[in-house]
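Because only heavy atoms are used, hydrogens play no part in the values below, and waters and symmetry mates are left out as well, while side chains stay in.
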Amino acid sequence: MLPGMPKTDPRVDDYIQKAPPFARPILEKIRKVMHKGDRNFEENIKWGNPTFELDGIVGGMGAFKKHVAWGFWNAPAMSDPEGLFEGNPKKSPYAMKVADVKEMPSEKVLVGYVKEAVALNKAGVKRPTNRVGGTKPPARAPKDLMDALKKSPKALATYKAFSPSKKRDYVEWVTEAKRDATRTKRIATAVEWMAEGKSRNWKYEKKC
């Protein structure tokens with residue numbers, strides 16, 4: 001990598017390539033303004049989506065069927081001079097939704113947001129939380145998931161050994177399924193992966 005070149009991650013290239021056609025130019029523009037805002041960003045994949053990190057997570061993006069959601073981890077602490085944040089940024093750090101790249105503000109405006117977000121991270125500002133103590137309650141596995149895990153000793157042992165966050169990844173993945181068939185399939189996949197000692201996001205975790 002040449003001096004001054006952004007630190008890119010091939011997994012992000014792959015993510016963009018596999019995104020819906022409408023989303024690709026949006027994701028590329030977000031990636032471009034992030035690195036234009038600060039050349040020291042490191043790319044990563046967390047929760048299945050690309051993130052940009054510098055002294056912690058600064059921002060991230062995710063492609064969906066009809067829009068791209070993106071934004072900044074410390075959005076609640078940002079000034080938002082252009083009124084870009086939609087909904088409740090305290091609930092979701094990725095509070096901007098775009099369906100067409102033409103809907104996005106100019107590069108100059110976006111780079112200004114990136115620089116403010118970086119400055120907050122460098123100053124040690126932590127993302128506000130509505131939860132007492134700043135932590136989520138322990139995840140409670142639903143009965144159908146636990147019943148399936150009990151049929152596989154290896155999977156059950158892996159689940160019990162997981163950290164609270166890794167348990168939550170699986171629990172939320174299963175409980176967020178909108179159809180019974182999808183939920184059943186996710187439970188079967190979860191048991192299979194845990195029997196192999198894998199976390200929910202094993203595909204995106206960096207290999208040592």
Side-chain angles (χ1 to χ4, degrees), residues 7-12 14-15 18 34 40-64 69-77 88-95 117-118 120-178 182-208:
K7 301 174 184 177
T8 58
D9 190 316
R11 294 175 301 165
V12 176
D14 187 56
Y15 182 95
K18 291 179 178 178
M34 284 288 186
N40 295 311
F41 270 125
E42 289 190 3
E43 297 181 346
N44 200 354
I45 295 287
K46 287 188 176 176
W47 309 292
N49 296 313
T51 57
F52 301 89
E53 303 178 17
L54 183 60
D55 295 320
I57 299 174
V58 173
M61 57 188 185
F64 297 87
W70 77 288
F72 303 96
W73 193 249
N74 269 322
N88 182 0
K90 290 185 180 180
K91 183 177 180 181
S92 172
Y94 304 156
V118 169
L120 289 172
N121 267 36
K122 289 183 176 179
V125 175
K126 302 297 183 183
R127 176 175 166 75
T129 176
N130 292 328
R131 297 185 184 275
V132 176
T135 59
K136 291 185 178 181
R140 291 186 62 184
K143 185 177 183 301
D144 50 356
L145 175 58
M146 285 306 300
D147 287 345
L149 286 170
K150 288 174 182 177
K151 295 177 182 178
S152 172
K154 287 185 178 179
L156 183 60
T158 297
Y159 180 78
K160 288 182 175 179
F162 273 154
S163 65
S165 62
K166 287 192 175 182
K167 288 180 180 177
R168 188 178 298 109
D169 286 341
Y170 270 116
V171 171
E172 291 181 349
W173 187 50
V174 168
T175 57
E176 287 172 359
K178 299 190 185 315
T182 302
R183 182 176 177 125
T184 299
K185 184 177 180 180
R186 288 185 180 181
I187 288 174
T189 301
V191 171
E192 178 186 345
W193 285 352
M194 281 188 269
E196 297 172 356
K198 296 175 178 177
S199 68
R200 161 73 180 91
N201 296 310
W202 65 271
K203 294 180 181 179
Y204 307 105
E205 292 174 349
K206 290 184 176 180
K207 295 181 179 180
C208 296

Sorted by chain and number, sequence neighbours left out, side-chain contact (heavy atoms from CB on, under 4.5 Å) with Asp14 holds for Lys18
The side-chain contact (heavy atoms from CB on, under 4.5 Å) partners of Ala141 (sequence neighbours excluded) come to Leu145, Met146, Tyr159, Val171
Rounding to 0.5 Å, atoms CG (Leu149) and OG1 (Thr158) come to a distance of 9.0 Å
Is Asp9 close to Ile45 at the side-chain level, that is, under 4.5 Å between some pair of heavy atoms? no
Sorted by chain and number, sequence neighbours left out, salt bridge (Lys or Arg N to Asp or Glu O under 4.0 Å) with Asp55 holds for none
Quick note, salt bridge (Lys or Arg N to Asp or Glu O under 4.0 Å) partners involving residues 185-196, not counting sequence neighbours, are Glu196-Lys198
dist Trp73:CH2 -> Leu120:CG (nearest 0.5 Å) comes out at 14.5 Å
By ring-ring contact (aromatic ring centres under 6.0 Å, His included), Trp193 pairs with (sequence neighbours left out) Trp173, Trp202
(Q) Has Asn121 got a side-chain atom pairing as donor or acceptor with Ile57's backbone, closer than 3.5 angstrom? (A) yes
Under 4.0 Å between a side-chain nitrogen and a carboxylate oxygen: does that hold for Glu53 and Lys46? yes
Between the CG atom in Leu54 and the CE atom in Met34, the distance rounded to the nearest 0.5 Å is 11.0 Å
**OP:** Carefully, step by step, assess Val191 and Lys151 under the rule side chain to side chain contact (heavy atoms under 4.5 Å, CB included).
**Re:** CA-CA 9 Å; Val191 171; Lys151 295 177 182 178; over 6 Å; no
message: Side chains of Lys166 and Asn201, heavy atoms from C-beta outward: is any pair under 4.5 Å?
response: no
| task | Taking the side chain as every heavy atom from C-beta outward, state whether Val12 and Met61 have any pair of such atoms under 4.5 Å apart. | result | yes
Sequence neighbours excluded, the answer for salt bridge (Lys or Arg N to Asp or Glu O under 4.0 Å) partners of Lys154 is none
Contacts of Ser165 meeting side-chain contact (heavy atoms from CB on, under 4.5 Å) (sequence neighbours excluded), chain-then-number -> Ser163, Arg168
For Lys143, the salt bridge (Lys or Arg N to Asp or Glu O under 4.0 Å) test, sequence neighbours excluded, returns Asp147
Arg183 and Val174, any side-chain heavy atoms less than 4.5 Å apart: yes
Minimal heavy-atom distance between Ala117 and Phe72, with the atoms involved, is CB-CD2, 3.5 Å
Rounding to 0.5 Å, atoms CZ (Phe162) and NZ (Lys167) come to a distance of 9.5 Å
CG of Leu156 to CE of Met194, rounded to nearest 0.5 Å, is 9.0 Å
The side-chain hydrogen bond (donor to acceptor under 3.5 Å, both in side chains) partners of Thr182 (sequence neighbours excluded) come to none
Value for CZ (Phe52) from OG1 (Thr8), rounded to nearest 0.5 Å, stands at 10.5 Å
Between Gly62 and Asn49 the two heavy atoms that sit nearest each other are CA-OD1, 3.8 Å
